[in-house]
Amino acid sequence: MRQQEAQLPAPSAEALASSQQLLAHIATQITAAGGWISFADYMRLALYSPGLGYYTGGAAKFGTAGDFITAPGLSPLFGGALAHTISHVLAEAGGTVLEIGAGTGQLAAQILAELERLEQLPAQYAILELSAELQERQLATLRTLVPHLAERVVWLERLPAEFTGVMVGNEVLDAMPCEVMQLVDGVWQRRGVCLTDGQLSWANRPCQDPVLLAHCARWPQIDGYCSEIQLEAQGFIRALGQSLQRGLILMLDYGFPAGEFYHPERRMGTLIGHYRHHTVHDPFFHPGLTDLTCHVDFSAMYTAADQAGLALDGYTSQASYLIDCGILEQARQLDSKSVEYLRTAAALQKLLGHAEMGELFKAIAFSRGLSGPTAPGFRQQDRSGEL
Ligand SMILES: C[S@@+](CC[C@H](N)C(=O)[O-])C[C@H]1O[C@@H](n2cnc3c(N)ncnc32)[C@H](O)[C@@H]1O
């Protein structure tokens, strides 16, 4: 454990016991694999091992009592803004909404409430969520925030073979396992995890995988350079594309186009952990209690969508996207003397501020079979040329 991590708040005895159980499970997997697993395999075990992983276990995760706050937790106007893109597409293509990785369920509640106001409620709102623990939380949130609409929500076990409507996900791609590569003495190595004296530790292996090496060939060839490749997120976008018959895929997340992501100065990549609102740089810090994430390479997502025959509808900053969806007009409708107005003003500062989420976070949309004008969100500023 690094010095910085040693100063973080200690987990409860119960949480620590759960983390130790997960550690034992990961150690068994490493031994069974011959002493080494890829970082992507480690990240999958740490986040999604049934009952023990960060997202699949009992960690609080979201909000002030958890490890991080996402946009739907800042203001209901966030989901309200996304509903304007969704409503526009449903009006043209029909169909339903499929949300991927719905977290607490707040975003679903916000989108449904605004779609109802816009008189564009779909018959069904489907959620695809890996975590059974979060599925339960989502149902409870919907029953509390939009009880009259909760019946419309269904949870899917897998992507539908054919889907029409809007697929939407906020901060989902960054939570998918990533490969980590490093250039050592002129050779690209695949970073993985082994056991050293019973503790998890990094272990590099020379890489022969042509897909991984093709990615690295485009990176700065600087000795020691280290970065991530999101093969799983790329595959996920292709799978969404294969399912989508007509409609839109809308994804919001933090990240950059490839040129900015794989910049010579970003020589240690973007992989980080979140623990109790602190950034953690040791990915082995309390597995199962620490969120692991890497930024999204939006150029790679565009390539994956293109391979699935999707059209790129727009790519822009979160600030530009939300403003074009009318988030400021929605805020102006609040009573300027109310507590809600003050709370909303603070939230908008976070969501739109250039130094906060406004520029680091992006919105990207892919479509199939849409002929109408560009959807709200991407009309004011389109940065597709950066991808
Ligand atoms: C960082 S959280 C974001 C949650 C929520 N969208 C929000 O904005 O608060 C990531 C979510 O994605 C889910 N997730 C990750 N990979 C997934 C996958 N392949 N399919 C469905 N859900 C997934 C996680 O379980 C979790 O709910």
Side-chain angles (χ1 to χ4, degrees), residues 19 22-23 25-30 32-33 36-57 59 61 67-68 70 100-103 128-134 158-159 169-182 188-194 200-205 207 209 211-216 226-240 251 253-255 261-262 268-275 279-301 303-304:
S19 177
L22 176 61
L23 197 56
H25 174 62
I26 294 171
T28 308
Q29 300 296 312
I30 292 174
W36 184 94
I37 57 173
S38 69
F39 185 79
D41 285 339
Y42 166 72
M43 187 164 163
R44 190 172 302 106
L45 289 166
L47 298 185
Y48 302 107
S49 289
L52 293 173
Y54 179 76
Y55 282 106
T56 42
K61 307 180 251 292
D67 306 291
F68 57 84
T70 59
I100 299 117
L128 186 65
E129 171 57 65
L130 284 183
S131 161
E133 194 265 334
L134 286 176
R158 62 188 72 83
L159 272 178
N170 183 58
E171 287 201 39
V172 180
L173 300 172
D174 72 80
M176 294 191 177
C178 61
E179 294 284 348
V180 182
M181 302 290 290
Q182 187 169 32
W188 281 105
Q189 311 249 339
R190 190 177 181 192
R191 304 208 80 191
V193 183
C194 70
L200 299 171
S201 63
W202 284 108
N204 289 357
R205 282 197 169 173
C207 178
D209 186 317
V211 176
L212 295 173
L213 290 174
H215 277 81
C216 297
C226 174
S227 198
E228 305 89 26
I229 306 171
Q230 291 169 301
L231 291 187
E232 189 155 324
Q234 294 173 26
F236 193 75
I237 292 287
R238 278 192 292 272
L240 293 184
M251 292 283 158
D253 221 314
Y254 38 89
F261 194 115
Y262 302 110
M268 291 317 291
T270 69
L271 176 71
I272 51 166
H274 291 126
Y275 175 80
T279 299
V280 169
H281 293 283
D282 174 5
F284 311 124
F285 181 70
H286 294 319
L289 308 181
T290 304
D291 180 30
L292 296 174
T293 168
C294 80
H295 287 39
V296 176
D297 167 7
F298 282 101
S299 303
M301 299 307 128
T303 303

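Note that the coordinates shown come from a computational prediction; the quantities given were computed from them, not determined experimentally. Atom set for the values below is all heavy atoms of this structure, side chains included, hydrogens, waters and symmetry mates excluded.
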Could you grab the distance from atom [atom1] of [X] to atom [atom2] of [Y], nearest 0.5 Å is fine?
{"X": "I26", "Y": "F284", "atom1": "CD1", "atom2": "CZ", "value": "9.5 Å"}
{"X": "K61", "Y": "L289", "atom1": "NZ", "atom2": "CG", "value": "10.0 Å"}
{"X": "I272", "Y": "H295", "atom1": "CD1", "atom2": "NE2", "value": "6.0 Å"}
{"X": "T303", "Y": "I237", "atom1": "OG1", "atom2": "CD1", "value": "11.5 Å"}
{"X": "C216", "Y": "Q189", "atom1": "SG", "atom2": "CD", "value": "10.5 Å"}
{"X": "I229", "Y": "C178", "atom1": "CD1", "atom2": "SG", "value": "9.5 Å"}

Could you tell me which non-hydrogen atom of [X] sits nearest to which non-hydrogen atom of [Y], and how far apart they are?
{"X": "G288", "Y": "A59", "value": "O-CB, 4.1 Å"}
{"X": "T290", "Y": "G273", "value": "CG2-CA, 3.9 Å"}
{"X": "T279", "Y": "H281", "value": "CG2-NE2, 3.8 Å"}
{"X": "A233", "Y": "L173", "value": "CB-CD2, 4.0 Å"}

Would you check if [X] and [Y] make a side-chain contact, meaning some heavy-atom pair closer than 4.5 Å?
{"X": "V296", "Y": "F261", "value": "no"}
{"X": "L159", "Y": "L240", "value": "yes"}
{"X": "W36", "Y": "V193", "value": "no"}
{"X": "E133", "Y": "T56", "value": "no"}
{"X": "S227", "Y": "M181", "value": "no"}
{"X": "M301", "Y": "M251", "value": "no"}
{"X": "E179", "Y": "F39", "value": "no"}

May I have the step-by-step check of side chain to side chain contact (heavy atoms under 4.5 Å, CB included) for L200 and I30, ending in yes or no?
CA-CA 10 Å; L200 299 171; I30 292 174; 3.7 Å; yes

Cut-off 3.5 Å, side chains only: do [X] and [Y] have a donor facing an acceptor?
{"X": "N204", "Y": "Q182", "value": "yes"}
{"X": "Q230", "Y": "H215", "value": "no"}
{"X": "E228", "Y": "T270", "value": "yes"}

Does D291 use its side chain to pair, donor to acceptor, with the backbone of H274 at less than 3.5 Å?
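No, because the side chain of D291 does not come within donor-acceptor range (under 3.5 Å) of the backbone of H274.
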
Sequence neighbours excluded and cut-off under 3.5 Å, please list the side-chain donor-acceptor pairs for residues 41-51, or say none.
residue	atom	partner	partner atom	Å
D41	OD1	R44	NH1	2.7
D41	OD2	S38	OG	3.3
Y42	OH	P283	O	2.9
R44	NE	E232	OE1	3.4
R44	NH2	E232	OE1	2.7
Y48	OH	A175	O	2.8
S49	OG	L45	O	2.6

Full working for side chain to side chain contact (heavy atoms under 4.5 Å, CB included) between L134 and Y55:
CA-CA 8 Å; L134 286 176; Y55 282 106; 4.0 Å; yes

CA sep, side-chain torsions, deciding dist, call: D253, F298, side chain to side chain contact (heavy atoms under 4.5 Å, CB included):
CA-CA 9 Å; D253 221 314; F298 282 101; 4.1 Å; yes

Classify the ring geometry of F285 against Y275: parallel below 30°, tilted from 30° to 60°, perpendicular beyond 60°.
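Rings of F285 and Y275: perpendicular, as their planes differ by over 60°.
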
Could you list the residues that satisfy salt bridge (Lys or Arg N to Asp or Glu O under 4.0 Å) with D174, not counting sequence neighbours?
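If we apply the salt bridge (Lys or Arg N to Asp or Glu O under 4.0 Å) test to D174, skipping adjacent residues, there are no hits.
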
